[in-house]
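Values below: every heavy atom of this structure, side chains too, minus hydrogens, waters and symmetry copies.
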Amino acid sequence: MCAQFSPEEDELFEKTGASVLRRLRKTKNPADLLSVVASAHKEFDRAYAAAPAAARESVACRAGCDACCHVPVGLLAHEVLIAAQHVQMTFSPEELEALIERAAAHRAAFAGKSNHERTDLRTPCVLLRDGSCSIYAARPEACRSHHSTNAEACRMNLATGREDIDVYVPGVRGRMFAVMLSIDQAVAEAGFDGRAYDFGSALHEALTNSFCAARWVQRQAAFPEDCWEASEDGDDESGVIRAEGFFQ
């Protein structure tokens, strides 16, 4: 699928994507569709466990290391809805109200800004709590995919706003991206929303508008334009994953 993938990673992409697409097409109850995608997130754990031991041992990520939680996160609608569902099931009314307020402030701060301007804000994720993710079990795919060899280097990169120091883990990164891209491509192949959204902005919409999930199930755009991920080149279609027939 990707010229930068190894043969093993390519096989992981093809196998995972075909499985997710098959399950989505076989699911008759619309209420079960989101659960199909959520269950596919277990593939990240399997792919990580199968990575070379030396690569896994070099991972420096730990609870409380939150530099990566201060950069914009672009993701597809199903990821937002999975996170929102987890929040609604596990947060207290007071926690939910506070989260909606933080998400509203995030959305207002990001409105109309370029990706570079959003990055410069160094805004913490609205779900960050005491340095850790408050929805870890339902975290987005980009968060599941990211691993670093050096937590201090991550903080330095955050401070400069540039990835001057390479922190990625060979042997892990490719496997994680193969799973992430396969799930997202399978969702698009099944006809669901393939646009990339800003996580905080779309989460606010999902928590305050019950029609978002219904639109996604009906294979419509789940969130409005002001929730879109900012494009790098001004091309509004650059952040859209489309059906390409990868898993036919």
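Although no hydrogens or angles enter the test, the distance criterion places no donor-acceptor pair under 3.5 Å between the side chain of Asp193 and the main chain of Ala77.
No more than 12 heavy atoms of other residues, nucleotides or ligands sit less than 6.0 Å from atom CD of Glu11. Around CD of Glu97, the count of heavy atoms belonging to other residues, nucleotides or ligands within 6.0 Å does not exceed 12. Heavy atoms from other residues, nucleotides or ligands lying under 6.0 Å from NZ of Lys15 number 12 at most. With a 6.0 Å radius and a threshold of 12 heavy atoms from other residues, nucleotides or ligands, Asn29 has its CG atom above the threshold. For Glu117, the CD atom counts as densely surrounded, since its 6.0 Å shell holds more than 12 non-hydrogen atoms of other residues, nucleotides or ligands.
The aromatic rings of Phe5 and Phe13 lie tilted to each other, with the angle between the two planes from 30° to 60°.
A side-chain contact (heavy atoms from CB on, under 4.5 Å) with Arg175 holds for exactly one of Glu43, Met180, Arg46, Glu9; it is Glu9.
Trp228 and Phe110 are assigned to two separate hydrophobic clusters, defined by single-linkage of ILVMFWY side chains at heavy-atom distances under 4.5 Å. In terms of hydrophobic clustering, with Ile, Leu, Val, Met, Phe, Trp and Tyr side chains grouped at heavy-atom distances under 4.5 Å, Val167 and Met176 are assigned to different clusters. If you chain together hydrophobic residues whose side chains sit under 4.5 Å apart, Val59 and Tyr136 never meet in one group. Hydrophobic clustering (side-chain heavy atoms under 4.5 Å, transitive across Ile, Leu, Val, Met, Phe, Trp, Tyr) keeps Met156 apart from Val169. Using a 4.5 Å cut-off between side-chain heavy atoms of Ile, Leu, Val, Met, Phe, Trp and Tyr, with links allowed through other members, Leu75 and Val217 fall into the same hydrophobic cluster.
Classification of Arg144 and Glu141 as a salt-bridged pair fails, no side-chain N sitting under 4.0 Å from a carboxylate O. A salt bridge links Arg162 with Asp164; the closest basic N to acidic carboxylate O contact falls under 4.0 Å.
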Kindly indicate, with the supporting measurements, whether the criterion side-chain contact (heavy atoms from CB on, under 4.5 Å) is fulfilled by Asn150 and Ile165.
CA-CA 9 Å; Asn150 189 325; Ile165 306 174; 5.8 Å; no

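Other members of the cluster containing Leu158 are Val71, with ILVMFWY side chains joined at under 4.5 Å, either directly or via other members.
At a threshold of 4.5 Å between non-hydrogen side-chain atoms, the residues Phe192 and Leu76 do not count as touching. In this structure, Arg139 and Leu127 have side chains that are not in contact, with every pair of non-hydrogen atoms separated by 4.5 Å or more. Side-chain atoms of His106 and Cys125, non-hydrogen and from C-beta on, never get closer than 4.5 Å to each other.
Judged by the 6.0 Å and 45° rule, Arg129 forms a cation-pi pair with Phe91.
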